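Below you'll find the structure, written out as structure tokens, and then a few comments.
Proteins come first, then strands; the chains are lettered A, B, ... in the order of their sequence lines, and each starts at number 1. Every value quoted in this text rests on a predicted model; they were computed, and no experiment measured them.
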Amino acid sequence: MKVVTWNVNSIRTRLERAEAWLRAHEPDVLCLQEIKVVDEDFPRGVFEDLGYHVETWGQKTYNGVAILSRSPIEDVHRGLPHDGDDAQARLIAGTVDGVRIICVYVPNGKNVTSWHFAYKLDWLARLEELLTTACDKDQPLILLGDFNIAPDDRDVYDPDAWAGRVHFHPVEHAALARLTGWGLHDVFRKHHEQAGAYSWWDYRGAAFPRDRGLRIDLVLATRAMLERSKGCEIDREERKEAKGQSKPSDHAPVVATFS
DNA sequence: ATGGTTGCCTTGCAA
């Protein structure tokens, strides 16, 4: 079972690349973030023609998440506990071949003094509540997506410069630790110890060619799925620019394979 | 160096 998370930064702008990537890599499950379209405008036919079931929770202009799967997607759930009617579209879950898949787009946070940062922390607390009240840590479960948090020093290009900043703040690390403390494991770290394996590079300041990135796109799994984990790779190639091609997302896909 | 670039869709916000 090949499961992927990819923040595409607009599915309409990225459609050509997303379709080509799917044809080349043929994942079983693809979790998308920042689709930036309402459900009616999601180009589902393109993916259905490739053999995928499609479940979305879209939103105009911002956010939006989706799960594409070769097998049917059961028990689909959208949103978090205490979401209001105006909730941001940031979480969609479904069960595929007996594995609970939770696709998340964690709020960015902007900067630590912003209301966006408080919103991020509240959102993470409600994600923890979802796990503890509606999920089973002893069952096969994968929580994956754009977490907008780099777990440790190996996951940021300049840890000293990033210390205390949004995406690498102690309070964010504490929130992430509560999720993993519930019973989740960083699948990438089962297979790779090295520093400098990033999944996101800012569009600005030539961050990608200078390799100034962060690993903020994570695949977290319960013990049952960690034991089935056979590999986890970041597809850095997809972040590259090529002449005559449409632009890449600022995030690379993260590919995890399970038995 | 609080800059820079991209995507939304139109004028400024979010990332």
Phosphate OP1/OP2 of B:dG7: any A:Lys36 side-chain N/O under 4.0 Å: no
Whole-Å distance separating the CG atom of A:Asn9 from the C1' atom of B:dA14: 10 Å
Spacing of the P atoms in B:dC8 and B:dG4 (rounded, Å): 22 Å
Atom-pair distance (CG on A:Asp250; C1' on B:dG4), nearest Å: 13 Å
Atom-to-atom span, CZ of A:Arg17 to C1' of B:dG7 - whole angstrom: 15 Å
Sugar-phosphate, base or nothing in reach of A:Tyr105, heavy atoms under 4.0 Å: sugar-phosphate
Pairwise P distance for B:dT10 and B:dA14, with rounding to whole Å: 16 Å
Donor-acceptor pair between A:Glu34 and A:Ser10 side chains, under 3.5 angstrom: no
Candidate nucleotides B:dA15, B:dA14, B:dC9, ranked by approach to the side chain of A:Arg12 - the nearest: B:dC9
Trace of the side chain to side chain donor-acceptor pair (under 3.5 Å) decision for A:Thr5 with A:Asp217: CA-CA 7 Å; A:Thr5 178; A:Asp217 298 272; 5.1 Å; no
A:Asp202 CG to B:dG7 P, straight-line distance once rounded to whole Å: 13 Å
Given DNA chain B, 5'-ward residue of the pair A:Thr61 and A:His251, judged by closest heavy atom: A:Thr61
Aromatic ring proximity A:His173/A:Phe168, centre distance under 6.0 Å: yes
Pairwise C1' distance, B:dT6 and B:dT11 [rounded to whole Å]: 15 Å
Euclidean distance, atom NZ of residue A:Lys110 to atom C1' of B:dT2 [Å, nearest integer]: 13 Å
Atom-to-atom span, CG of A:Leu32 to C1' of B:dG7 - whole angstrom: 16 Å
5' priority, DNA chain B, between A:Ile11 and A:Tyr62 [closest heavy atom]: A:Ile11
Nearest-angstrom distance from the residue atom CG of A:Asn108 to P of B:dT6: 18 Å
Distance between P atoms of B:dA15 and B:dT2 (Å, rounded): 22 Å
Ring centroid separation A:Phe47 to A:Phe42 under 6.0 Å: yes
Phosphate OP1/OP2 of B:dT6: any A:Arg14 side-chain N/O under 4.0 Å: no
Candidate nucleotides B:dT5, B:dG7, B:dA14, ranked by approach to the side chain of A:Lys247 - the nearest: B:dG7
Note: A:Glu193-A:Arg189 ion pair, threshold 4.0 Å (strictly below): no
Selection from B:dG4, B:dC8, B:dT6 that lies nearest to any side-chain heavy atom of A:Glu241: B:dT6
Verdict with supporting geometry, A:Phe147 and A:Tyr105, ring-ring contact (aromatic ring centres under 6.0 Å, His included): CA-CA 6 Å; A:Phe147 282 75; A:Tyr105 174 45; over 10 Å; no
B:dG7 versus B:dA1 - spacing of their C1' atoms, nearest Å: 25 Å
Between B:dA14 (P) and A:Gln59 (CD): distance, integer Å: 12 Å
